[in-house]
> 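Before I ask anything, let me first share the structure, which is written out below as structure tokens.
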Amino acid sequence: GTKRIRPCLMTTATTILALLPVLTSTGKGSDMMIPMAIPSFGGMIIAIMSLFVVPVLFSMNAEYKLKNKMNIKNILKKWFFIACLISVTGVVLGQSLPTLIHEAIQNNADIQGLAVGITIDSEKINEVDAIPNTLVGAGFFASEPETRTGAQQFKISISQMLPSFDTIKARKNYKSSLADRSFVALVIAKRKLKVAVSTAYYQLYTLRDKQTILQQQIDLLTTFEQLVVRAVEVNKASIVDVFRLQIRQKKLANLVQNFESLSSALEIKINKLLNRSKSISINTPIILKLPIDVDTLKFEHDLVHPEILYFEKIYESVVNSEILNHKEQKPMIGFGLDYIQVAKRPNMIFTDNGKDIFLPMVRLSIPLFTKKYRSKSKQLQLAKEEISLQKLHRQNQLEVYLETAVLKRKLAIHTYNTHLENFIQAKNIEQVLISRYETSNLNVKELIEIKQLQLQYQLDKADALQSFFEESLKINYLIQPTI
């Protein structure tokens, strides 16, 4: 223990002590160094925790081997504790964006409705195998006609029309194309839901980031207020400057409340997209950064997108409908049987006296009036032309959207870096203004103006980061593999 734990503790302690000045720094470059130091500091804290957890786990394992006669009740308690721990961990980790998207796809009412629609369309394929209803008829002769064999009393007939196998196959292909179209519509809806959840998630992060920025500004203004009060006491500032700082703090506090209200509305929106209670809290990451390689995007101009595929499936269904319309113009054959009961003639003896009549029949349904079919065929031809034009128009729109999203994302990167540089320069100016206080009067007006600039740069930087992720979502929506 002393050979391993002591060096580990010494290394961990020196690392933590070395990182404390970085974590508590507020000077130039601190906004970049602090996020870099947080993972290392957190790792060291976890390392200290592991020094206690790992021996306990090994001890538990050893005790379990020594006490192999543990009863069932204790085993159930242990597993129940582990299950609770896993479930709690799952709740914490379940707030990540991929988990929210997965939950939304599983629970969203619109997605579930489209999935039910696909099941309905798939079930409709089974109905095309059915043949037309069997026709059964019966009737009595009001005045019994006399025949050589006797009077006809009543008649029963039965017939069945049989469509051609080509017609049944054409109907099945048509129903299958409708099911395929519904499936593509579901894919499109899932993509749009993913974009909606992700967009609201990034907007929520931006609002909370702005709240943090504003709260930091309020805290700094509070510190400056104390500094100005001391300056007023030595006649280096005016009491008006104190009031200016207080007014500025109230204005920022009002903005914080506004952002909190907007954040609550976005949380409700995300929860409703996930089809769950609106009171569930949504956790966002502490910090988001721009990826390193963001300008290496390559995409094909021959855009294959589910929305384009949807038009292709509609076109395919129209083609199958046209084939079905052509098949239904063909004659349909049927078979039947008529039965006529004949009464015996009285006072007459011959072989066929009272013999019933059986009449096998073959029926043929011929569509002599084909105007309906010709009109439908013309409508389908026009529908194909309309769908082709709509597909071309939508493809042009998607290509424009992709080009625009790529340009806007590049602009967001440039804007983010520009505001970051301006913010660092404004911080340097702030240090200069504060350092003047030692030799001359404190210019509170200039200090407030520079703090306003810093705040504006930070808020604009947050907006640029949000714009980057939103445009990335659009690009991903457009260039993601088709199915």
> Checking Q211 side chain against V256 main chain: does a donor-acceptor pair fall under 3.5 Å?
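Side chain of Q211 to backbone of V256: no pair is present.
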> To the nearest 0.5 angstrom, please state how far the CG atom of L100 sits from the NZ atom of K194.
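It comes to 13.0 Å.
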> Do V400 and N396 come close enough that some side-chain heavy atom pair is under 4.5 Å?
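Not in contact.
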> Counting heavy atoms not belonging to F259, are there more than 12 under 6.0 Å from its CZ?
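Yes, because the 6.0 Å sphere around CZ of F259 holds more than 12 heavy atoms from other groups.
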> State the CZ-OH distance between F469 and Y201, to the nearest 0.5 angstrom.
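Nearest 0.5 Å value for the CZ-OH distance: 10.5 Å.
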> Less than 4.5 Å apart, side chain to side chain, heavy atoms only: is that true for I239 and V229?
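A side-chain contact is absent here, since even the closest heavy-atom pair is not under 4.5 Å.
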> What I want to find out is whether D463 reaches K210 closely enough, with some N-O distance under 4.0 Å, to be called a salt bridge.
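Yes, D463 and K210 are salt-bridged.
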> D209 and A462: which non-hydrogen atoms are nearest, and at how many Å?
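Scanning both residues, the minimum pair turns out to be OD2-CB, 3.8 Å.
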> Quick one, K175 with E127, criterion side-chain contact (heavy atoms from CB on, under 4.5 Å). Give me CA distance, side-chain angles, the key distance, then yes/no.
CA-CA 9 Å; K175 295 295 184 180; E127 72 182 18; 3.9 Å; yes
> Passes side-chain hydrogen bond (donor to acceptor under 3.5 Å, both in side chains), Q249 versus E225? Steps please.
CA-CA 10 Å; Q249 291 179 50; E225 182 183 353; 2.8 Å; yes
> Is it the case that the side chains of T99 and S96 hold a donor-acceptor pair, with the cut-off being a distance below 3.5 Å and no angle test?
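Yes.
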> Dump the intermediate steps for side-chain contact (heavy atoms from CB on, under 4.5 Å) on D121 and F183, then the final yes or no.
CA-CA 10 Å; D121 290 337; F183 176 75; over 6 Å; no
> Return yes when atom NZ of K451 has more than 12 non-hydrogen atoms of other residues, nucleotides or ligands closer than 6.0 Å, and no otherwise.
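More than 12 heavy atoms, drawn from other residues, nucleotides or ligands, come within 6.0 Å of this atom.
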> Does S177 use its side chain to pair, donor to acceptor, with the backbone of Y174 at less than 3.5 Å?
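The answer is yes, because a donor-acceptor pair under 3.5 Å joins these two groups.
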> Side chain of N254, backbone of K250: donor and acceptor closer than 3.5 Å?
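Checking the backbone N and O of K250 against the side chain of N254, no donor-acceptor pair under 3.5 Å is found.
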> Are R276 and E103 close enough for a salt bridge, meaning some N to O gap below 4.0 Å?
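Yes, charged N to carboxylate O under 4.0 Å.
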> Please tabulate, one pair per line, all N/O donor-acceptor pairs under 3.5 Å involving side-chain atoms of residues 382-389, not counting sequence neighbours.
| residue | atom | partner | partner atom | Å |
| --- | --- | --- | --- | --- |
| K384 | NZ | E322 | OE1 | 3.0 |
| E386 | OE2 | Q390 | NE2 | 3.3 |
| S388 | OG | K384 | O | 3.0 |

> Would you check if the side chain of S317 reaches a backbone N or O of I314 as a donor-acceptor pair within less than 3.5 Å?
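Flag set: sc S317 to bb I314 pair under 3.5 Å.
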> So, Y477 side chain and V195 main chain: donor-acceptor pair closer than 3.5 Å or not?
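A pair under 3.5 Å: no.
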> Whether the S263 and E267 side chains hold a donor-acceptor pair (N or O, under 3.5 Å, no angle test) is what I'd like checked.
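No, E267 and S263 have no side-chain donor paired with an acceptor closer than 3.5 Å.
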> Okay, side chain of N108, backbone of L273: is any donor-acceptor separation there less than 3.5 Å?
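Yes, N108 side chain to L273 backbone: donor-acceptor pair under 3.5 Å.
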> Tell me if a side-chain donor or acceptor on N320 pairs with a main-chain N or O of E316 at a distance below 3.5 Å.
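A pair under 3.5 Å: yes.
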> Ignoring hydrogens and geometry, is there a side-chain-to-backbone donor-acceptor pair from N107 to N275 under 3.5 Å?
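No, the answer is negative, given that no donor and acceptor are paired below the 3.5 Å cut-off.
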> Count the heavy atoms of every other residue, nucleotide or ligand shown that sit under 6.0 Å from CD of Q425, and state whether that count exceeds 12.
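Check fails, neighbour count at 12 or below.
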> Whether the side chain of Q454 engages the backbone of A426 through a donor-acceptor N/O pair (distance < 3.5 Å, no angle test) should be reported.
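Looks like yes, one N/O pair under 3.5 Å.
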> By salt bridge (Lys or Arg N to Asp or Glu O under 4.0 Å), which residues pair with K172, not counting sequence neighbours?
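Partners of K172 by the salt bridge (Lys or Arg N to Asp or Glu O under 4.0 Å) criterion, ordered by chain and then number, come out as D129.
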> Listing request: all side chain to side chain donor-acceptor pair (under 3.5 Å) pairs with a residue in residues 412-424, at least two apart in sequence or in separate chains.
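Not a single pair qualifies under side chain to side chain donor-acceptor pair (under 3.5 Å).
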> How close do L193 and A104 get, heavy atom to heavy atom, and via which atoms?
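Minimum heavy-atom separation between L193 and A104: CD2-O, 3.5 Å.
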> Just do the side-chain contact (heavy atoms from CB on, under 4.5 Å) check on N173 and I323 with the steps written out, would you?
CA-CA 9 Å; N173 292 336; I323 295 173; over 6 Å; no
> Walk me through it: do H305 and R191 pass the test side-chain contact (heavy atoms from CB on, under 4.5 Å)?
CA-CA 11 Å; H305 189 266; R191 284 197 177 195; 3.4 Å; yes
> Do the non-hydrogen side-chain atoms of I479 and L402 ever get within less than 4.5 Å of each other?
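A side-chain contact exists here, since the closest heavy-atom pair is under 4.5 Å.
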> Determine, step by step, whether S261 and Q257 satisfy the side-chain hydrogen bond (donor to acceptor under 3.5 Å, both in side chains) criterion, reporting the C-alpha distance in whole Å, the side-chain angles of both residues, the deciding distance to 0.1 Å, and the verdict.
CA-CA 6 Å; S261 300; Q257 292 180 355; over 6 Å; no
